[in-house]
Amino acid sequence: MEDGGVIAVLVAEDMNILRGALVALLGLDPGMRVVAEVSRGDEVVAAAREHRPDVAVLDVDMPGLDGVTAAAELAARVPECRVLILTALGRPELLRRALDAGVHGFMLKDAPPDRLADAIRRVAAGERVIDPQLAAAAISGRRNPLSPREVEVLRMAAEGADPAEIAARLYLSKGTVRNYLGAIVTKLDARNRLDAVRIATEAGWL
C-alpha cells in the first residue's frame, strides 16, 4: 500500500463510460487511489508491472484477454497484486474458473457501489470476497465435462459454423471435428448438436 495506508487500484474495463464511473467512484474514497486504468485485458499485466497496484479490478469480458485469463497472468507475473473480478453474469462455471486462476474477489456489476469499495478493502487485506449465493451454486452445480478444445468447437458451432469451416479455422480435419461434436453431444447427454449448444449455454460453459 501507499503511504498512509492508501490502497493503489488498477481498473480494467473496456466500456469507457463504465470505466470512468468506476474511477470516479473510487476517487471519492480517501482510502484508495486509482493508479492505472486500461481498456483491454492484454494491457493489464504491463500496467500492473509499471504501477504496482495492491488490487486490480477486472471486468470479465474484455478484448485481448478476458478478465479470468488476465488474472491468471497477474498471479504468475505480479503475484503481490490481488484481483477482484466484476461480471454482469453470475455463472457458477465462471466463478470456478476465476477461483482456479487465483482470483481473490468476484462481484456482480449490479451490486451497490458501497459494496465495491468494501470488497476492494477486504481483498487488499487478504480476504476472499465472493457472493455467497453464487459460491453455493458453484459448489453444488455440475462441472463442465467438456475439454477446452471441445468448448472451442461447440462455440464455433453455436456461431453457425459448419464442420468444414470449424476444421479450417482450427487446422483440423473434418472427421476430427465431427468426432469432437459427437463426443460433445454424448458428454452433455444432448439429443443433437443444437441441444448441446443450449445445454452448454444455459450452464455458462460457452
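At least one donor-acceptor pair under 3.5 Å links the side chain of R19 to the backbone N or O of E13. Judged purely by atom type and a 3.5 angstrom limit, H104 has no side-chain atom pairing as donor or acceptor with the backbone of R128. A donor-acceptor pair is defined here as one N or O able to donate and one able to accept, closer than 3.5 Å; no such pair exists between the side chain of D14 and the backbone of S39. For the pair R122 (side chain) and E127 (backbone), a donor-acceptor distance under 3.5 Å is absent. At distances below 3.5 Å, at least one donor-acceptor pair connects side-chain atoms of T201 with backbone N or O atoms of V197.
For the side chain to side chain contact (heavy atoms under 4.5 Å, CB included) criterion with E73, the lone passing option out of V44, L65, V78 is L65.
Using a cutoff of 4.0 Å between basic side-chain nitrogens and carboxylate oxygens, D59 and K109 are scored as salt-bridged. Salt-bridge annotation for E159 and R155: absent, with no side-chain N of the basic residue lying under 4.0 Å from a carboxylate O of the acidic one. Taking a cutoff of 4.0 Å between a charged side-chain nitrogen and a carboxylate oxygen, K187 and E150 qualify as a salt bridge. A salt bridge between E152 and R149 is present, with a side-chain N of the basic residue lying under 4.0 Å from a carboxylate O of the acidic one.
Taking a 6.0 Å sphere around CD1 of I17, one finds it holds 12 or fewer heavy atoms contributed by other residues, nucleotides or ligands.
There is a side-chain donor-acceptor pair under 3.5 Å between D66 and T69.
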